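Just so you know, these numbers come straight off a predicted model, no measurement behind them. Atoms considered below: every heavy atom in the structure, side chains included; atoms not considered: hydrogens, waters and symmetry mates. Letters go in sequence order (proteins before strands), and every chain restarts at 1.
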Amino acid sequence: MTPVRPEFLPDPELSREEMETLQYDVADAARWTDDFDFDPRDVSLESAASLTGDRPLVAGVDQAFLDDRAVSVVVLMRGGDVVERAHAVTDLSIPYVPGLLSFREGGPIVAAFEELSADPDLVVFDGSGRIHYRQAGLATHLGVVFDVPSVGVAKNLLCGRPREDAEGRPEGWRTDILADDTVENAESGDRIGHAYQSRQYDSSPIINPLYVSPGHRVSVPTATDLVSRLCGGYKLPEPTRRADAYADETKAEYA
DNA sequence: GCGACAG
DNA sequence: ATCTTGTCGC
């Protein structure tokens with residue numbers, strides 16, 4: 001249902017050099033300023049009954065794998081309610097290569113979106129956005145392909161360096177992720193994302209932070225604000241958790 | 001040559 | 001990402 005910009009589709013048949021060239025183009029097409037219709041304050045997990053206005057549709061995207069096939073899923077949420085789920089099972093053509101993830105998983109994700117009947121106002125991806133060697137991670141690449149506001153939420157840092165050590169910080173704490181010399185199209189020191197402590201217990205099991213970065217049409221601070229509004233008692237944002245569970249149950253049916 | 005490296 | 005049992009704690 002969601003229209004696609006064909007010139008940006010991540011074609012896994014491209015050579016590595018062509019992939020990197022496309023990523024530069026994607027980064028040039030990406031907008032890292034707030035450009036969306038909804039009010040960020042309307043993004044929440046509250047139940048529909050207690051709310052007045054129209055809540056934005058937020059999509060969570062995740063994948064699971066079977067041999068050489070990907071199970072890609074999209075879960076649409078409005079407030080705390082799941083309003084639609086869609087999935088696609090696709091053959092994988094290339095292996096995982098750090099920095100080129102969107103060329104492996106992009107096609108399968110596009111296939112899952114084609115099964116969706118509604119268009120999301122915001123998409124939360126499992127992986128990096130601007131925190132990427134060419135500032136064109138999965139969240140940025142697919143955000144540009146769909147021209148939809150998007151954020152990337154990663155459990156591990158791909159590149160860049162935290163302004164401060166994030167180890168064992170309290171819940172709600174955040175620090176900038178600054179571009180280092182591995183980010184080819186940024187000035188060293190540019191702010192490209194946040195390390196965000198979405199969950200922390202009082203004692204020992206120290207939880208690692210999330211690495212949040214803009215995908216498309218969202219700024220660095222807003223990306224983290226939105227993610228914070230989508231985290232309800234768990235480390236990962238709720239749309240991501242729902243997508244995670246749906247991917248697991250779908251995978252079980254195809255195994 | 002060595003280390004780093006989303007999912 | 002994936003392969004996997006039990007275990008500690010609220």
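For the pair A/N156 and B/dG7, the criterion of a side-chain N or O lying under 4.0 Å from OP1 or OP2 is met. A sub-4.0 Å separation between OP1 or OP2 of B/dA6 and a side-chain N or O of A/Y96 is present. Regarding contacts with the backbone of B/dA6, every side-chain N or O of A/K155 stays at 4.0 angstrom or more from both OP1 and OP2.
A salt bridge does not link A/R241 with A/D62: none of the charged nitrogens is closer than 4.0 Å to a carboxylate oxygen. A salt bridge does not link A/R217 to A/D121: none of the charged nitrogens lies less than 4.0 Å from a carboxylate oxygen. Checked for salt-bridge contact, A/R169 and A/E164 meet the test: a charged N lies under 4.0 Å from a carboxylate O. Using a cut-off of 4.0 Å between Lys/Arg side-chain N and Asp/Glu carboxylate O, A/D91 and A/R69 are scored as not salt-bridged. The existence of a salt bridge linking A/R78 and A/D54 is excluded, since no basic side-chain nitrogen approaches an acidic carboxylate oxygen closer than 4.0 Å.
If you measure from atom CG of A/D181 to atom C1' of B/dG3, you get 13 Å, rounded to the nearest angstrom. As a whole-Å value, the separation of A/H141 NE2 from B/dA6 C1' is 15 Å. Protein atom CZ of A/F103 is 14 Å distant from nucleotide atom C1' of B/dA6, rounded to whole Å. A/I207 places its CD1 atom 19 Å from the P atom of C/dC8, with the value rounded to the nearest Å. In this entry the distance linking CG of A/L157 with P of B/dG7 reads 10 Å, nearest Å. Atom-to-atom, CZ of A/R130 to C1' of B/dA6 comes out at 17 Å; the value is rounded to the nearest Å. Regarding A/M19, its CE atom lies at a distance of 16 Å from the C1' atom of B/dA6, rounded to whole Å. Regarding A/L101, its CG atom lies at a distance of 9 Å from the P atom of B/dA6, rounded to whole Å.
Here the nucleotide nearest the side chain of A/R104, chosen from C/dA1, B/dG7, B/dA6, is B/dG7.
Heavy-atom contacts from other residues, nucleotides or ligands closer than 6.0 Å to CZ of A/R31 number 12 or fewer. Within 6.0 Å of OH in A/Y24 there are more than 12 heavy atoms belonging to other residues, nucleotides or ligands.
Across all strands shown, A/L100 has heavy atoms under 4.0 Å from base atoms, whether or not it also approaches the sugar-phosphate. Across all strands, A/A139 comes closer than 4.0 Å to no nucleic acid atom at all (heavy-atom distances). Using a 4.0 Å heavy-atom distance criterion, A/G152 is classed as making no nucleic acid contact. Using a 4.0 Å heavy-atom cutoff across all strands shown, A/Y133 reaches at least one base atom of the nucleic acid.
Residues of residues 244-255 of chain A that place a heavy atom closer than 4.0 Å to DNA chain B do not occur.
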